[in-house]
Amino acid sequence: MDLPFREARQTSPSPDSPSVGPRSINLSIAERQVICASWEKASTQSDIGCELVARLLNDNRTRFRALLECKSGSFLGSGNYTTEDVNGMSRARSVADGVNCFFNKVISKLMDHNYIEEIQDLSLQLGAMHFRMKVWFQAENWLCVKNCLLDSVVSALLKDTKGTYLICGGIKKVQTVEKHITHAWFKFVQFIIQNMKKGFLSEALNSDSHNQPKTECASPCSSSSNHSI
């Protein structure tokens, strides 16, 4: 199902350069409130972190499956993974728990006076941590993570049987998520991913200034590889 907030692949790297200051979220109070309310509702309908990990495992563009294989030492094969499968893998479950913990934390900041700075700092720290943990992203990976996360939230909201419905062809009722909700979430997640990327790149530049240049290796599991995922 194509969702209205899906973004075309960005080709210009300049907006994500670490030298460019973070964009403001520009969320109204109403948008912040709807994010808080929809996150609470989505979290009761689904395990968002688990849904995200399953989607990343099943999206070959992310190379997330190769990363988990490398970190866990287990071969995951080529089949599709469900949330039940994720719950059965300790490493994948740990990532899912980390996703839930992070979003619970940043969403708890949304109604603070200085919420932009607080969420920006948390996102920068998370991006830097990904570099230190050798979860090395290419440009395509950031876009896939953003889209998979948005899909996971909307999918969870669509499980609410008391949600919003549209009438198609005068007969069929089709459940939908209201546009103002998806728009608010798009801006929110966009800001988080942008700052995660900046934190990641800043940590990479800092590391390069203190270490000898690394030799790129074709294997995603090699400790000398510049891009593991």
Student: Do the non-hydrogen side-chain atoms of L124 and M196 ever get within less than 4.5 Å of each other?
Tutor: no
Student: Just so I know, are the side chains of R32 and I29 near enough to count as touching, which here means a heavy-atom distance under 4.5 Å?
Tutor: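 Yes, at least one pair of side-chain atoms sits under 4.5 Å.
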Student: For a 4.5 angstrom cut-off between non-hydrogen side-chain atoms, does T182 reach F186?
Tutor: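 Side chain of T182 against side chain of F186, heavy atoms only: no contact under 4.5 Å found.
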Student: Tell me every residue that passes side-chain contact (heavy atoms from CB on, under 4.5 Å) with E31, counting only those two or more places apart in sequence or in another chain.
Tutor: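 E31 satisfies side-chain contact (heavy atoms from CB on, under 4.5 Å) with L27, S28, H183, A184, K187 only.
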Student: Of all residues at least two apart in sequence or in a different chain, which pass the side-chain contact (heavy atoms from CB on, under 4.5 Å) check with R93?
Tutor: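 R93 satisfies side-chain contact (heavy atoms from CB on, under 4.5 Å) with D47, C50, N87, A96, D97, N100 only.
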Student: Set out, in order, the CA-CA distance, both residues' side-chain angles and the distance that settles side-chain contact (heavy atoms from CB on, under 4.5 Å) for K41 and L157, then state yes or no.
Tutor: CA-CA 7 Å; K41 180 183 290 186; L157 291 173; 4.0 Å; yes
Student: Apply side-chain contact (heavy atoms from CB on, under 4.5 Å) to the pair L201 and F131, showing each step before the final yes or no.
Tutor: CA-CA 8 Å; L201 294 175; F131 181 85; over 6 Å; no
Student: Measuring from L126:CG to K197:NZ, what's the distance to the nearest 0.5 Å?
Tutor: 15.0 Å
Student: About how many Å separate OG1 of T176 and CG of L158, when rounded to the nearest 0.5 Å?
Tutor: 7.0 Å
Student: For residues M89 and Y81, determine if any side-chain heavy atom of one lies less than 4.5 Å from a side-chain heavy atom of the other.
Tutor: yes
Student: Where is the tightest heavy-atom contact between N58 and N80, given as atom of each residue plus distance?
Tutor: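 N58 and N80 have their closest heavy atoms at OD1-CA, 3.2 Å.
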Student: Could you give all pairs that pass the ring-ring contact (aromatic ring centres under 6.0 Å, His included) test and reach residues 83-115, with sequence neighbours left out?
Tutor: W39-F103
Student: Are side-chain heavy atoms of L110 and F188 found at a separation under 4.5 Å?
Tutor: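 Heavy-atom side-chain distance check passes, below 4.5 Å.
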Student: Checking S155 side chain against S152 main chain: does a donor-acceptor pair fall under 3.5 Å?
Tutor: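 Pair absent, no side-chain N/O of S155 close to backbone of S152.
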Student: Kindly say whether E203 contributes a backbone atom to a donor-acceptor pair with the side chain of S207 at under 3.5 angstrom?
Tutor: no
Student: Is there a side-chain contact between D59 and R55, using heavy atoms and a 4.5 Å cut-off?
Tutor: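 D59 does not reach R55 side chain to side chain.
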Student: Can any side-chain N or O of N195 pair as donor or acceptor with the backbone N or O of F191 at less than 3.5 Å?
Tutor: yes
Student: For the OG atom of S38 and the CD atom of Q45, what is their distance to the nearest 0.5 Å?
Tutor: 12.0 Å
Student: Less than 4.5 Å apart, any side-chain heavy atom of Q33 and any of M111?
Tutor: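 They are in side-chain contact.
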Student: Nearest heavy-atom pair of V153 and A42: which atoms, and what distance?
Tutor: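 Closest approach of V153 to A42, heavy atoms only: O-CB, 4.2 Å.
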Student: With sequence neighbours excluded, what pairs up with Q125 under the side-chain contact (heavy atoms from CB on, under 4.5 Å) test?
Tutor: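 Partners of Q125 by the side-chain contact (heavy atoms from CB on, under 4.5 Å) criterion, ordered by chain and then number, come out as D121, L122.
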Student: S123: which residues meet the side-chain hydrogen bond (donor to acceptor under 3.5 Å, both in side chains) condition with it, sequence neighbours left out?
Tutor: none
Student: What pair of heavy atoms forms the shortest contact from I192 to I119, and how long is it?
Tutor: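 Of all heavy-atom pairs spanning I192 and I119, the closest is CG1-CG2, 4.0 Å.
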Student: Go through the structure and list residues passing side-chain contact (heavy atoms from CB on, under 4.5 Å) with N114, not counting sequence neighbours.
Tutor: D112, E117, E118
Student: For S46 and E51, test the side chains for any donor-to-acceptor distance below 3.5 angstrom and give the result as yes or no.
Tutor: yes
